[in-house]
Amino acid sequence: MKRSLIANVPVLVFVLLLAVLWEVGTRVMNIPHYIIPRLSDVFVSMWENKQLLGKHFGVTLGESLLGLGISVLFGTLAAAWIESSGLAKKTIYPLIVGSQTIPIIALSPIMVMWFGYEIWSKIAVVVLFTFFPLAVNTADGLRSADPDIGELMRTMGARKRDLLTKWKIPSALPGFFTGLKMAAAISVGGATLGEWLGGESGLGMYTKRASNMLRGEAVFSGVILLSAMGIILFLAVQWLERACLGHRRS
């Protein structure tokens with residue numbers, strides 16, 4: 001614990017330095033609040049609207065987690081299908097990769113057309129953001145399994161279930177967690193975009209409304225909370241990764 005705190009000291013000092021530069025810079029340069037508000041005003045706005053922000057935070061977090069969970073389910077299933085089927089590897093995998101050439105922001109309005117302005121349109125946008133890194137990284141992890149180990153297990157009479165649970169899945173876990181960390185970080189962006197396109201609640205909607213009213217301090221308070229949410233989700237997955245794979249580092 002102490003070692004972890006010491007390792008994070010440079011990051012904390014850097015963040016504190018940025019905060020001081022932000023506060024002092026906006027005061028000295030007399031920047032209008034609707035362009036860059038003072039950091040102190042941002043925190044005051046955050047405190048004064050803590051109940052409303054807490055409600056919107058919960059909405060966006062729920063959308064991010066639900067969309068991420070759906071991507072985990074279908075992303076891992078797609079990866080397993082791609083790895084187990086030569087036909088899927090030649091057809092589905094290129095389609096998944098090719099889908100990333102289409103700007104997601106262009107597909108987002110289609111999700112609103114299909115699912116309306118309810119929560120499912122936001123979740124669909126989150127899935128658009130997070131499915132690709134999960135599916136591709138998990139598929140690469142399955143592909144990285146050492147074939148010599150698999151052949152040795154077969155000669156020793158291992159069943160298909162043993163090959164899956166003791167060879168394929170352990171080999172795929174590092175790739176899976178790499179994709180999950182990426183997906184966790186960007187899931188918040190997907191939920192925010194979905195709320196911008198059509199929604200009544202969530203931090204994305206909160207910042208959009210505040211921007212329309214030129215309330216810079218409210219916009220920045222929402223942005224800071226969105227950033228914190230992405231960091232929290234990333235760190236949660238990182239902790240889970242260490243819990244599952246920590247034995248490999250010892």
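Hydrogens, waters and symmetry mates are skipped; everything else that's a heavy atom, side chains included, is used.
In this structure, Gly222 and Thr207 approach most closely via the heavy-atom pair CA-CG2, 3.7 Å. The two residues Gly202 and Thr60 make their nearest non-hydrogen contact at CA-OG1, 3.4 Å. Residues Pro133 and Ile186 come closest through the heavy atom pair CG-CD1, 4.3 Å. The two atoms that bring Ser187 and Val126 nearest to each other are O-CG2, 3.8 Å, heavy atoms only. Across all their heavy atoms, Asn137 and Met182 have their closest contact at ND2-SD, 4.0 Å. Listed here is the closest heavy atom pair of Thr91 and Leu87: OG1-O, 2.7 Å.
Using a 4.0 Å cut-off between charged side-chain N and carboxylate O, Glu200 and Arg209 make a salt bridge. Salt bridge absent: Glu195 and Lys122 never bring a charged side-chain N and a carboxylate O closer than 4.0 Å.
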- request: Decide yes or no on side chain to side chain contact (heavy atoms under 4.5 Å, CB included) for Val219 and Tyr206, but give the supporting numbers first.
  value: CA-CA 8 Å; Val219 174; Tyr206 179 85; over 6 Å; no
query: Yes or no on side chain to side chain contact (heavy atoms under 4.5 Å, CB included) for Glu217 and Val44, after CA distance, side-chain angles and deciding distance?
result: CA-CA 9 Å; Glu217 64 283 351; Val44 168; over 6 Å; no
- request: Apply side chain to side chain contact (heavy atoms under 4.5 Å, CB included) to the pair Arg27 and Val24, showing each step before the final yes or no.
  value: CA-CA 5 Å; Arg27 289 180 180 271; Val24 173; 5.9 Å; no
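A donor-acceptor pair under 3.5 Å is absent between the side-chain atoms of Thr138 and the main chain of Ala135, judged by distance alone. Checked by atom type and distance alone, the side chain of Ser45 never pairs as donor or acceptor with a backbone atom of Val42 at under 3.5 Å. Here the side chain of Glu23 pairs a donor or acceptor atom with the backbone of Ser40 at under 3.5 angstrom. Although no hydrogens or angles enter the test, the distance criterion places a donor-acceptor pair under 3.5 Å between the side chain of Thr178 and the main chain of Pro174. A donor-acceptor pair under 3.5 Å is absent between the side-chain atoms of Lys89 and the main chain of Ile82, judged by distance alone. Here the side chain of Asp41 pairs no donor or acceptor atom with the backbone of Pro37 at under 3.5 angstrom. Under the 3.5 Å distance criterion, the side-chain polar atoms of Trp120 are left unmatched by any main-chain donor or acceptor of Phe115.
When the shell of 6.0 Å around NZ of Lys55 is examined, it contains 12 or fewer heavy atoms from other residues, nucleotides or ligands.
Interatomic distance, Ser221 OG to Leu39 CG, rounded to the nearest 0.5 Å: 11.0 Å. Atom CG of Leu180 sits about 11.5 Å away from atom CD of Gln238, to the nearest 0.5 Å. Distance check: His33 NE2 to Arg215 CZ gives 10.5 Å after rounding to the nearest 0.5 Å. Considering CG of Leu245 and CG of Leu173, their distance stands at 5.5 Å, rounded to 0.5 Å. The distance from the CG atom of Leu134 to the CZ atom of Phe129 is 14.0 Å, given to the nearest 0.5 Å. Taking CG of Leu73 as the start and CG of Leu77 as the end, the distance is 5.0 Å to the nearest 0.5 Å.
Cluster annotation: Leu240 is not connected to Phe234 through the hydrophobic network of ILVMFWY side chains, with a link wherever side-chain heavy atoms come within less than 4.5 Å. Transitive grouping of hydrophobic side chains (ILVMFWY, heavy atoms separated by less than 4.5 Å) keeps Val15 and Leu17 in distinct clusters. A single hydrophobic cluster is seen to contain both Ile123 and Phe131, as judged by linkage of ILVMFWY side chains at heavy-atom distances under 4.5 Å, directly or through other members. Clustering ILVMFWY residues whenever any of their side-chain heavy atoms sit less than 4.5 angstrom apart, transitively, puts Trp22 in the very cluster that holds Leu225. Cluster annotation: Phe220 is connected to Leu214 through the hydrophobic network of ILVMFWY side chains, with a link wherever side-chain heavy atoms come within less than 4.5 Å.
Among residue pairs with one or both ends in residues 64-83, those qualifying as side-chain hydrogen bond (donor to acceptor under 3.5 Å, both in side chains) are Ser71-Thr130, Glu83-Lys168; sequence neighbours excluded.
Under the side-chain hydrogen bond (donor to acceptor under 3.5 Å, both in side chains) criterion, Ser211 pairs with no residue at all, not counting sequence neighbours. Shown here are the side-chain hydrogen bond (donor to acceptor under 3.5 Å, both in side chains) partners of Asp140, two or more places apart in sequence or in another chain: Arg143.
Within the 4.5 Å cutoff, the side chain of Leu142 has no heavy atoms near those of the Phe176 side chain. In this structure, Trp196 and Met205 have side chains that are not in contact, with every pair of non-hydrogen atoms separated by 4.5 Å or more. Using a 4.5 Å cut-off on side-chain heavy atoms (C-beta onward), Val136 and Tyr93 make contact.
Leu203 pairs in a side chain to side chain contact (heavy atoms under 4.5 Å, CB included) with only one of the listed residues (Ile224, Val59, Leu53), which is Leu53.
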